[in-house]
Q: 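This is the structure I want to talk about, given as structure tokens.
Side chains are part of it too, since the values below use all heavy atoms of this structure and drop only hydrogens, waters and symmetry mates. Just so we're clear, the structure is a prediction, and the values are computed from it rather than from any experiment. Here is how names work: the chains are called A, B, and so on, in the same order as the sequence lines, proteins then strands, and each is numbered from 1.
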There are 2 protein chains.
Amino acid sequence: MSKAYEEKTPVTMQSVAVMAGVSPMTVSNTFRYPERVHAETRRKVLLAAAELGYIPNHAAGNLASGQSRVIGAVIPSIKNSSFYKYVRGMQEAVADLGYELILKLADTQQQEAAAIQTFIGLRVAGITLVGDEHEKDAVELLRKTGVPVVESWVHHAPFDMAVGYSSAEATQAMIALLLEAGCRRIGFVGYGGSVSHRFRERVPAFEASLKARGLRSDLIYLVDEADGFGAGPKALEGLCGMDPALDGLLCPTDIIAAGVLFECSRRGWKVPERLAVAGWGDYEIASEITPRLTTLQPNAEDMGRHAIRMIVERVRGAGEPGHVRNTGFQIVRRDSI
Amino acid sequence: MSKAYEEKTPVTMQSVAVMAGVSPMTVSNTFRYPERVHAETRRKVLLAAAELGYIPNHAAGNLASGQSRVIGAVIPSIKNSSFYKYVRGMQEAVADLGYELILKLADTQQQEAAAIQTFIGLRVAGITLVGDEHEKDAVELLRKTGVPVVESWVHHAPFDMAVGYSSAEATQAMIALLLEAGCRRIGFVGYGGSVSHRFRERVPAFEASLKARGLRSDLIYLVDEADGFGAGPKALEGLCGMDPALDGLLCPTDIIAAGVLFECSRRGWKVPERLAVAGWGDYEIASEITPRLTTLQPNAEDMGRHAIRMIVERVRGAGEPGHVRNTGFQIVRRDSI
DNA sequence: TACAGGAATTGTAGCGCTACAAAATTCAGT
DNA sequence: ACTGAATTTTGTAGCGCTACAATTCCTGTA
């Protein structure tokens with residue numbers, strides 16, 4: 001029977017130092033400032049470290065130096081493939097900059113607050129959040145500790161820094177495209193319930209765009225976030241009830257747009273001739289279903305990359321609080337409009 | 001202009017102790033062993049801590065106690081919704097047990113090895129991995145440090161502990177279902193390239209099941225993992241080339257099965273009459289498309305929960321190395337078979 | 001050969017916390 | 001009031017590492 005975890009003799013910097021025949025400080029320097037150590041010495045130290053399987057204890061280093069190379073990211077859900085790209089962007093950036101990224105999932109504001117506490121407990125170098133709606137106490141805590149924080153997917157008024165794009169502008173752009181394609185009775189599918197700001201700000205943008213053209217702007221139908229694809233058929237039915245001649249539809253995600261497409265095929269409706277459908281998010285499914293979905297691509301990887309860069313800049317003394325970076329969006333024109 | 005992060009006066013246990021008028025040790029006890037301190041004292045300490053926004057420094061605590069309340073999970077990808085459920089299960093279990101979960105994404109073995117190093121550097125209490133194929137050095141390192149490790153989604157021969165189900169058994173069960181439904185010319189879609197063991201072990205199970213019944217067992221088509229939905233049509237075309245009377249199809253994921261369903265609808269084939277289609281993974285899409293997909297549900301949440309429990313048990317002194325837990329699977333019968 | 005000046009190396013002290021043991025306080029039962 | 005035990009509180013030492021200053025080792029030049 002093998003020994004329990006704690007009973008193994010831990011490999012410390014000290015043991016590496018002894019094996020390499022140098023002082024512990026030299027071992028430390030070898031890892032943190034390799035250029036300060038003579039090449040030959042460095043070789044010996046690295047050899048000893050490899051031999052012993054030595055991994056520097058971040059916890060101790062962090063404590064001694066007051067600095068951390070770890071950035072914490074709170075993600076609301078991993079179901080959504082935009083977040084996947086966002087995380088990829090962050091991973092890429094931390095790798096370039098010599099940092100580490102750790103993730104926590106949080107579906108609710110309470111969970112987010114708990115995740116923030118964990119990260120602060122770990123004394124991470126910075127934190128990235130999604131959205132601009134957070135628990136009051138959590139924000140207070142972040143303020144007090146002064147950790148660099150980037151809010152992603154939002155576009156203005158951060159309590160520290162933000163990176164994202166404007167959902168309102170994106171909505172306008174999508175409506176413009178629908179209008180250009182000849183649609184005149186455009187419907188809007190939104191999320192009901194207490195959904196986040198970045199979804200809610202689309203509604204007024206939708207209304208304003210249509211009113212400006214003198215078109216009907218009340219074809220709005222709210223669905224339940226949990227319904228997935230199933231929300232598509234429901235929304236289509238609801239909206240057709242309001243205006244049977246509905247000819248364009250703006251969906252909050254590609255998933256719902258796909259659901260609408262399934263329903264159109266069931267009804268024998270041609271897309272985009274009978275109904276033009278706009279997605280949002282550029283999920284994988286958008287380019288795979290028939291007809292291929294015209295959608296909005298939010299540059300999620302860029303967002304992730306910039307979120308990390310902003311934190312690292314701040315740690316290095318640059319980067320002002322209040323900094324907002326607009327990573328924009330792109331409309332991917334395919335077959336559904 | 002606000003001060004830089006490092007310049008803020010940090011709130012330490014000491015400052016809480018002063019404010020509450022007790023010794024630092026009492027503050028420590030209040031957080032770690034609340035029952036050891038008098039209720040009234042506890043109240044004072046908690047009040048002071050809240051007032052100052054004190055969050056215990058995990059790094060220091062970890063260093064002093066040699067113990068950690070953080071478990072690290074390495075996830076290969078978050079695109080796949082089974083992993084989502086797996087993570088949910090883990091989150092739930094850590095919350096129950098008073099631990100924390102942090103995630104790292106790793107698509108390749110190299111990235112996995114790096115993630116393991118990070119976790120060991122953080123001196124986490126345990127690590128969960130996916131699959132049983134890891135970089136040799138990483139395994140060596142895990143062995144040396146003795147961290148409790150659970151390999152998930154696999155069923156046997158762990159180097160420490162494992163939790164999962166047998167892909168071979170699952171394949172057999174699915175084939176049995178197809179046969180029962182009257183299929184006699186069954187095709188198999190697999191992943192080409194260097195794909196992990198848990199996918200590869202399905203092939204011999206497929207062949208054996210069919211040979212045992214004296215049926216054709218060479219209708220195997222390999223697709224590229226990156227093709228997503230698009231792999232479905234390709235596989236269907238390839239397999240029909242081998243046997244135009246193909247009447248059943250076993251897909252490696254629901255995504256591919258969905259792609260096949262799209263293609264069937266394009267061809268005007270009835271499912272399951274013309275072709276019965278089996279998915280794998282019970283993704284969201286499985287219950288949303290028409291016809292609804294019969295698929296294999298791997299009890300991912302259970303897997304996550306058990307992975308965490310096994311680690312915590314080990315830390316607490318129970319739980320043998322070599323422990324394997326079979327969380328089984330379920331076939332979700334819907335309309336495609 | 002001596003020595004300034006840079007390169008490389010090494011003690012010292014302490015980061016914030018906790019294990020442990022010792023000390024102080026409270027309490028019950030005479 | 002007094003004692004022994006139980007409860008609560010508190011020093012002490014040290015976890016593994018790094019900042020910083022001090023020391024030692026080199027090299028080239030006078």
Q: Please state how far atom CZ in Arg32(A) lies from atom C1' in dC17(D), giving the value in whole angstrom units.
A: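 Rounding to the nearest Å, CZ of Arg32(A) and C1' of dC17(D) are 9 Å apart.
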
Q: Residues of residues 39-62 of chain B with any non-hydrogen atom less than 4.0 angstrom from an atom of DNA chain D: list those, numerically ordered, please.
A: Thr41(B)

Q: Expressed as a whole number of angstroms, how long is the span from Tyr33(B):OH to dT7(D):C1'?
A: 17 Å

Q: Which of these passes side chain to side chain contact (heavy atoms under 4.5 Å, CB included) with Leu52(A): Thr12(A), Val11(A), Leu47(A)?
A: Val11(A)

Q: CZ of Arg123(A) versus C1' of dT18(D): gap in Å, rounded?
A: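 Spelled out: CZ on Arg123(A) to C1' on dT18(D) is 18 Å.
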
Q: Out of Ile71(A), Val147(A), Ile102(A), which one pairs with Phe119(A) under the side chain to side chain contact (heavy atoms under 4.5 Å, CB included) rule?
A: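 By the side chain to side chain contact (heavy atoms under 4.5 Å, CB included) criterion, Phe119(A) pairs with just one of Ile71(A), Val147(A), Ile102(A): Ile102(A).
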
Q: Charged N to carboxylate O under 4.0 angstrom, Glu40(A) versus Arg43(A)?
A: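 Looking at Arg43(A) together with Glu40(A), the answer is yes, because their closest N to O distance falls below 4.0 Å.
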
Q: Rounding to an integer number of Å, can you tell me how far Leu63(B) CG sits from dC17(C) P?
A: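 Atom-to-atom, Leu63(B) to dC17(C), this comes out as 12 Å.
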
Q: Please report the distance, rounded to the nearest Å, between CZ in Phe31(B) and P in dC17(C).
A: 9 Å

Q: Over how many whole Å does the gap from His38(B) atom NE2 to dA24(C) atom C1' extend?
A: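 It is 15 Å, rounded to the nearest whole Å.
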
Q: So if I apply the side chain to side chain contact (heavy atoms under 4.5 Å, CB included) rule between Leu129(A) and each of Val139(A), Ile116(A), Asp160(A), which one comes out positive?
A: Ile116(A)

Q: Can you tell me how far C1' of dT8(D) sits from CG of Asn29(B), to the nearest Å?
A: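 About 9 Å, once rounded to whole Å.
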
Q: Report the distance from atom CD of Gln67(B) to atom P of dT18(C), rounded to the nearest whole Å.
A: 11 Å

Q: Do Val45(B) and Val37(B) come within less than 4.5 Å of each other through their side chains, counting heavy atoms only?
A: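 Counting from C-beta outward, Val45(B) and Val37(B) never come under 4.5 Å.
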
Q: When you check the side-chain N and O atoms of Glu313(B) and His323(B), is any donor under 3.5 Å from an acceptor?
A: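 No pair is found: no donor N or O on one side chain lies under 3.5 Å from an acceptor on the other.
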
Q: Under 4.0 Å from any atom of DNA chain D, heavy atoms only: list the residues of residues 11-27 of chain B that qualify, in numerical order.
A: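 Result for residues 11-27 of chain B: Val22(B), Ser23(B), Met25(B), Thr26(B), sorted by number.
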
Q: Going by distance alone, is a donor N or O of one side chain under 3.5 Å from an acceptor N or O of the other, for Glu100(A) and His58(A)?
A: no

Q: May I ask you to say whether Arg88(B) pairs ionically with Asp107(A), meaning some side-chain N is under 4.0 Å from a carboxylate O?
A: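 So Arg88(B) pairs with Asp107(A) through a salt bridge.
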
